There are 2 protein chains.
Amino acid sequence: MSQHRHPGAPGRAGAVPALPDLPEATVARLPEYLRALHNLADAGHETVSSEGLANAAGVNSAKLRKDLSHLGSYGTRGVGYDVALLIEQIESVLGLTQCRSVALVGVGNLGHALAGYDGFASRGFRIAALFDADPARVGEEINGLVVRHVDELPRVAAEQLISIGVIATPASAAQAVADQLVAVGVTSILNFAPCVLSVPEGVDMRKVDLAIELQILSFHEHRKASLTALPGTAGSALTALPGGLAATDTQEAIGT
Amino acid sequence: MSQHRHPGAPGRAGAVPALPDLPEATVARLPEYLRALHNLADAGHETVSSEGLANAAGVNSAKLRKDLSHLGSYGTRGVGYDVALLIEQIESVLGLTQCRSVALVGVGNLGHALAGYDGFASRGFRIAALFDADPARVGEEINGLVVRHVDELPRVAAEQLISIGVIATPASAAQAVADQLVAVGVTSILNFAPCVLSVPEGVDMRKVDLAIELQILSFHEHRKASLTALPGTAGSALTALPGGLAATDTQEAIGT
DNA sequence: AGGCGCTTGTGAAGACGTGCACAAATCGCG
DNA sequence: CGCGATTTGTGCACGTCTTCACAAGCGCCT
């Protein structure tokens with residue numbers, strides 16, 4: 001939080017912005033800001049205040065300012081942030097200036113949907129190859145891509161640089177697939193299989209488990225039900241919902 | 001998030017375990033513990049130590065013990081935790097003792113996959129109804145369920161209690177769908193649409209954005225690339241991967 | 001019965017993230 | 001040119017989460 005405040009000293013002015021080393025929580029919110037900024041740009045806005053952008057991204061304005069301050073001072077006091085400039089900066093920090101290639105392993109139920117998801121391409125990700133272990137699925141064409149056998153992974157990875165591997169296999173196959181991805185040099189993995197994966201140090205790993213999200217919601221549902229059943233000190237909006245849905249943008253508990 | 005501290009007062013000792021009021025971070029990990037426990041039970045284990053369960057769930061053993069201590073003392077010192085008992089307790093806390101009904105709105109690319117995802121049913125969730133706004137999709141049968149028009153939501157919700165609503169529509173339709181879900185009494189929503197949704201107080205809302213996950217990985221990938229390009233103080237496992245994949249269960253940055 | 005090894009449960013300290021509140025900076029206008 | 005309105009950037013305090021380290025408790029073996 002207190003390195004290179006760098007009062008001026010334009011000595012180097014190199015291309016590398018000195019690796020700001022952002023807090024993880026901030027990194028997780030930058031994509032949200034980026035999406036909001038694209039929306040604003042499409043709507044014709046040239047500048048936006050922290051309040052406005054915070055609303056569009058569903059966060060507190062103080063938090064947003066602190067987040068953005070970590071990447072440098074790209075706002076103008078009294079005015080706000082230049083939308084185009086901020087988009088450029090965030091994309092630069094996130095490494096989205098180059099199109100990143102994604103290898104998707106497991107073309108089952110979920111894999112099919114991911115292969116056809118257009119939200120990837122629109123954010124600068126290109127699905128470079130599809131793999132599956134089931135011979136019955138190999139050869140199938142999805143969204144213009146042919147499914148290959150997972151054993152061909154090394155050959156395909158040698159031809160084109162794979163930035164990110166996505167695992168959408170059953171849990172039983174996930175660890176083996178992760179090992180294969182690591183073996184061909186993939187250092188970032190997104191795992192949809194409901195299991196814990198071990199990867200060597202230096203490999204980044206994120207997990208998305210749909211059932212877990214439902215279970216967390218189930219807990220809160222359960223808690224709310226218990227509360228209404230009790231004597232009830234606080235149960236205002238819980239017992240009978242206001243038909244007006246006043247829509248205070250309350251957004252609770254997005255998962256840290 | 002800070003109500004009823006409720007300092008003890010063992011006067012009641014009723015059947016209700018006093019609403020432990022778990023930390024949110026703990027709640028988010030309980031489903032992971034639960035899955036690991038089921039695996040252990042299937043493997044025939046009767047008890048498990050905090051170390052063993054922590055490994056299976058991919059967390060620190062101290063964290064696991066503290067998490068479990070929040071639901072009470074269900075372990076035996078010198079022995080460990082009774083697997084079956086712990087499963088029972090966690091399921092009770094998460095409200096999974098009853099089967100919860102899920103309404104899925106948006107049967108596009110992703111919605112299709114979700115409707116067919118068997119990971120829901122196996123965790124006690126039942127997809128009770130499918131909805132879409134596109135008349136061309138209404139009537140289609142997926143996994144034994146017929147897609148209905150979203151306008152029928154009130155009627156269907158009146159017939160059966162919906163615990164959780166899942167939004168898998170395009171971003172442009174998501175807010176309207178959320179409003180409709182809230183209007184019929186749904187108080188827990190899982191949103192897959194890439195946009196911010198406003199819901200009234202008392203409604204819990206979680207979001208899963210696949211593109212954001214990739215962008216977070218992209219950041220780390222970008223950072224790692226910048227590091228290797230620099231003088232290089234630390235670049236041990238990054239430059240050349242060890243073929244042995246020693247598999248220290250390092251699991252970095254799961255998103256909390 | 002007593003001691004020993006093992007494991008849980010927890011106090012305390014540190015790291016991290018959040019939000020308030022305000023000084024500093026900028027623009028526009030008279 | 002100066003002033004007020006506006007908005008950023010940030011120091012500070014607070015709450016949450018994580019991790020360490022160890023006392024308390026339990027079972028087993030002698």
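Quick caveat, the model's predicted, so the values are computed rather than measured.
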A.B. asks: Going by the rule side-chain contact (heavy atoms from CB on, under 4.5 Å), which residues pair with A/Tyr117 if we only count those two or more places apart in sequence or in a different chain?
C.D. replies: A/Phe120, B/Pro194, B/Leu210
A.B. asks: Atom CG of B/Leu181 and atom CG of B/Asn191: how far apart are they, to the nearest 0.5 Å?
C.D. replies: 10.0 Å
A.B. asks: Distance check: side-chain N/O of B/Ser73 vs OP1/OP2 of C/dG9, anything under 4.0 Å?
C.D. replies: yes
A.B. asks: List the residues meeting side-chain contact (heavy atoms from CB on, under 4.5 Å) with A/Ser61, not counting sequence neighbours, and say none if there are none.
C.D. replies: A/Ser50, A/Glu51, A/Ala54, A/Arg65
A.B. asks: In whole Å, I'd like the distance from the NE2 atom of B/His70 to the P atom of C/dG9.
C.D. replies: 12 Å
A.B. asks: Tell me, which of residues 77-84 of chain A have any heavy atom that sits under 4.0 Å from an atom in DNA chain D?
C.D. replies: A/Arg77, A/Gly78, A/Val79, A/Gly80, A/Tyr81
A.B. asks: Would you tell me if any nitrogen or oxygen in the side chain of B/Ser50 comes within less than 4.0 Å of OP1 or OP2 on C/dT8?
C.D. replies: yes
A.B. asks: Applying salt bridge (charged side-chain N to carboxylate O under 4.0 Å, His left out), can you list everything that pairs with B/Arg35, at least two apart in sequence or on another chain?
C.D. replies: B/Glu32
A.B. asks: Can you figure out which of C/dT26, D/dT8, C/dT8 approaches the side chain of A/Ser49 most closely?
C.D. replies: D/dT8
A.B. asks: In whole angstroms, how far is the P atom of D/dT19 from the CG atom of B/Asp67?
C.D. replies: 11 Å
A.B. asks: What's the spacing between A/Phe192 CZ and A/Lys207 NZ if we round to 0.5 Å?
C.D. replies: 12.0 Å
A.B. asks: Look for any protein N or O under 3.5 Å of an N or O in nucleotides 19-21 of chain C and output each such pair with its distance, or none.
C.D. replies:
| unit_1 | atom_1 | unit_2 | atom_2 | d |
| --- | --- | --- | --- | --- |
| C/dG19 | OP2 | A/Lys63 | NZ | 3.4 |
| C/dG19 | O6 | A/Lys66 | NZ | 2.5 |
| C/dA21 | N6 | A/Arg65 | NH2 | 3.3 |

A.B. asks: Can you tell me how far P of C/dC16 sits from CZ of A/Arg29, to the nearest Å?
C.D. replies: 15 Å
A.B. asks: In Å, rounded to the nearest 0.5 Å, how long is the span from CG of B/Leu197 to CD1 of B/Ile189?
C.D. replies: 7.5 Å
A.B. asks: Quick one: side-chain contact (heavy atoms from CB on, under 4.5 Å) partners of A/Tyr33, sequence neighbours excluded?
C.D. replies: A/Arg29, A/Leu30, A/Ala57, A/Val59, A/Leu64, A/Asp67, A/Leu68, A/Ile90
A.B. asks: Nearest-Å distance, OH (B/Tyr74) to P (C/dT10)?
C.D. replies: 13 Å
A.B. asks: Output the residues of residues 30-45 of chain B in contact with DNA chain C, where contact means a heavy atom of the residue under 4.0 Å from an atom of the strand; sort by number or write none.
C.D. replies: none
A.B. asks: Looking at every strand, decide which applies to B/Thr26 at a 4.0 Å heavy-atom threshold: base, sugar-phosphate, or nothing.
C.D. replies: nothing
A.B. asks: Using side-chain contact (heavy atoms from CB on, under 4.5 Å) as the criterion, list what pairs up with A/Pro170, not counting sequence neighbours.
C.D. replies: A/Ser172
A.B. asks: Nearest whole angstrom, please: distance from the C1' of D/dT10 to the CG of A/Leu71.
C.D. replies: 15 Å
A.B. asks: How long is the line joining CD of B/Glu24 and P of C/dG17, in whole Å?
C.D. replies: 17 Å
A.B. asks: Considering heavy-atom distances to DNA chain C, does A/Ala25 or A/Thr76 have its closest nucleotide positioned more toward the 5' end?
C.D. replies: A/Ala25
A.B. asks: Which residues satisfy the side chain to side chain donor-acceptor pair (under 3.5 Å) test with B/His38, sequence neighbours excluded?
C.D. replies: B/Glu91
A.B. asks: What is the distance, rounded to the nearest whole Å, between atom CG of B/Leu68 and atom P of C/dG9?
C.D. replies: 8 Å
A.B. asks: Side chain to side chain donor-acceptor pair (under 3.5 Å) with B/Arg100: which residues, sequence neighbours excluded?
C.D. replies: A/Ser218, B/Ser163
A.B. asks: Partners of A/Glu221 by salt bridge (charged side-chain N to carboxylate O under 4.0 Å, His left out), sequence neighbours excluded?
C.D. replies: A/Lys224
A.B. asks: Given atom CD of A/Glu46 and atom C1' of C/dC27, what is their separation to the nearest angstrom?
C.D. replies: 16 Å
A.B. asks: Just list the side-chain donor-acceptor pairs under 3.5 Å for residues 76-86 of chain B, sequence neighbours left out, or say none.
C.D. replies:
| unit_1 | atom_1 | unit_2 | atom_2 | d |
| --- | --- | --- | --- | --- |
| B/Asp82 | OD1 | B/Ala84 | N | 3.1 |
| B/Asp82 | OD1 | B/Leu85 | N | 2.9 |

